Amino acid sequence: QRHLEFTLWNNHRIPLLRKSLKDVHSEGVLDSSSKAMVIGGYEIALFYFRAGYTPTDYPSQMEWDSRLLIERSKAIKCPSAALHLVGAKKIQQVLAYPGVLERFVPEASLCEKMREVFTGLYPLGDDSESA
């Protein structure tokens, strides 16, 4: 990723900023009318998440508030909050429960096709229904 950072700067003069959710909370400013997120004088075009994939990445309300601020901005998010969630193993496990997928995909034939590519996901704890 350092190679990408240097290429962006050397070839296009595009700076890459590395910020934690805590940094976004303390430094980020969201323009309410344009939805532009500004950090350190730069309008942010893309947020690429290298963290935020586990609950431990959100130890306090501050990290959740930062993620919400990012989601409200017009910047591209990679991944989006929706894709971040569906990549979580627990979400995948719950979608495999009978009737859950059907809440989001009303066509039974499409649900069947989707279930053909599901793999077994099993809880590590005693309670298979807990999220």
Side-chain angles (χ1 to χ4, degrees):
Q1 286 158 0
R2 290 286 187 188
H3 178 70
L4 177 60
E5 178 179 355
F6 296 136
T7 300
L8 283 171
W9 180 251
N10 291 334
N11 295 352
H12 307 287
R13 292 296 184 237
I14 297 173
L16 187 145
L17 306 176
R18 295 172 187 268
K19 299 292 180 181
S20 67
L21 290 171
K22 184 178 179 182
D23 294 336
V24 170
H25 187 268
S26 63
E27 301 172 29
V29 177
L30 181 65
D31 183 277
S32 60
S33 59
S34 70
K35 302 300 182 201
M37 173 72 80
V38 177
I39 297 175
Y42 294 101
E43 181 177 343
I44 307 302
L46 169 74
F47 282 96
Y48 175 76
F49 291 96
R50 298 209 8 102
Y53 292 88
T54 66
T56 57
D57 292 326
Y58 299 91
S60 72
Q61 187 61 43
M62 177 178 38
E63 287 80 13
W64 288 108
D65 292 345
S66 298
R67 182 61 190 253
L68 182 58
L69 192 67
I70 291 167
E71 290 299 321
R72 288 181 172 164
S73 78
K74 68 178 180 178
I76 297 165
K77 293 83 167 171
C78 184
S80 66
L83 287 176
H84 228 162
L85 282 172
V86 298
K89 297 299 179 206
K90 188 61 183 181
I91 299 297
Q92 294 171 6
Q93 179 188 355
V94 171
L95 284 173
Y97 291 156
V100 174
L101 185 60
E102 288 77 5
R103 289 179 53 203
F104 304 101
V105 182
E107 297 176 43
S109 62
L110 186 54
C111 285
E112 289 175 29
K113 287 181 182 178
M114 292 173 76
R115 287 191 195 291
E116 288 175 7
V117 297
F118 280 13
T119 187
L121 292 168
Y122 306 98
L124 297 176
D126 293 335
D127 182 8
S128 64
E129 294 294 324
S130 65

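This structure is a prediction, so every number in the text was calculated from the model and none was measured.
Rounding to the nearest 0.5 angstrom, the gap separating the NZ atom in K77 from the CG atom in L83 is 12.5 Å. Summarising the geometry, atom NZ belonging to K74 is positioned 4.5 Å from atom CD belonging to E43; distances are rounded to the nearest 0.5 Å. Here the CG atom belonging to L30 is positioned 11.5 Å from the CD atom belonging to E71, to the nearest 0.5 angstrom. Atoms CG and CZ, from D57 and R50 in turn, are 11.5 Å apart once rounded to the nearest 0.5 Å. In this structure, CH2 on W64 lies 14.5 Å from NE2 on H25, to the nearest 0.5 angstrom.
Cluster membership check: V24 does not share its hydrophobic cluster with L46, using side-chain heavy-atom separations under 4.5 Å among Ile, Leu, Val, Met, Phe, Trp and Tyr. I39 and V29 fall into different hydrophobic clusters, where Ile, Leu, Val, Met, Phe, Trp and Tyr residues are linked whenever their side-chain heavy atoms come under 4.5 Å apart, directly or through other members. Linking ILVMFWY residues whenever their side-chain heavy atoms come closer than 4.5 Å, directly or via other members, leaves L4 and F6 in distinct clusters. The hydrophobic cluster containing M37 also contains Y42, counting ILVMFWY residues as joined when their side-chain heavy atoms lie under 4.5 angstrom apart, directly or transitively. No continuous path of hydrophobic side-chain contacts links F47 to L8 [ILVMFWY only; heavy atoms under 4.5 Å].
More than 12 heavy atoms of other residues, nucleotides or ligands sit less than 6.0 Å from atom CZ of R13. When the shell of 6.0 Å around CZ of F118 is examined, it contains more than 12 heavy atoms from other residues, nucleotides or ligands. R18 CZ: more than 12 foreign heavy atoms inside a 6.0 Å radius. The local environment of CZ in R72 is sparse, with at most 12 non-hydrogen atoms from other residues, nucleotides or ligands closer than 6.0 Å.
In this structure, R67 and F49 have side chains that are in contact, with non-hydrogen atoms separated by less than 4.5 Å. At least one side-chain heavy atom of L17 sits less than 4.5 Å from a side-chain heavy atom of I44. For the pair L21/I70, a side-chain contact is recorded, criterion being any heavy-atom separation below 4.5 Å from C-beta on.
A salt bridge does not link E107 to K113: none of the charged nitrogens lies less than 4.0 Å from a carboxylate oxygen.
Legend: residues meeting ring-ring contact (aromatic ring centres under 6.0 Å, His included) with W9, ordered by chain and number and at least two apart, are absent.
In this model, no donor atom of one side chain and acceptor atom of the other lie less than 3.5 Å apart for S66 and E63.
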Stepwise salt bridge (charged side-chain N to carboxylate O under 4.0 Å, His left out) check, R2 with E5:
CA-CA 5 Å; R2 290 286 187 188; E5 178 179 355; 3.0 Å; yes

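Nearest heavy-atom pair, A51 versus H84, reported as atom, atom and distance to 0.1 Å: O-CE1, 3.7 Å.
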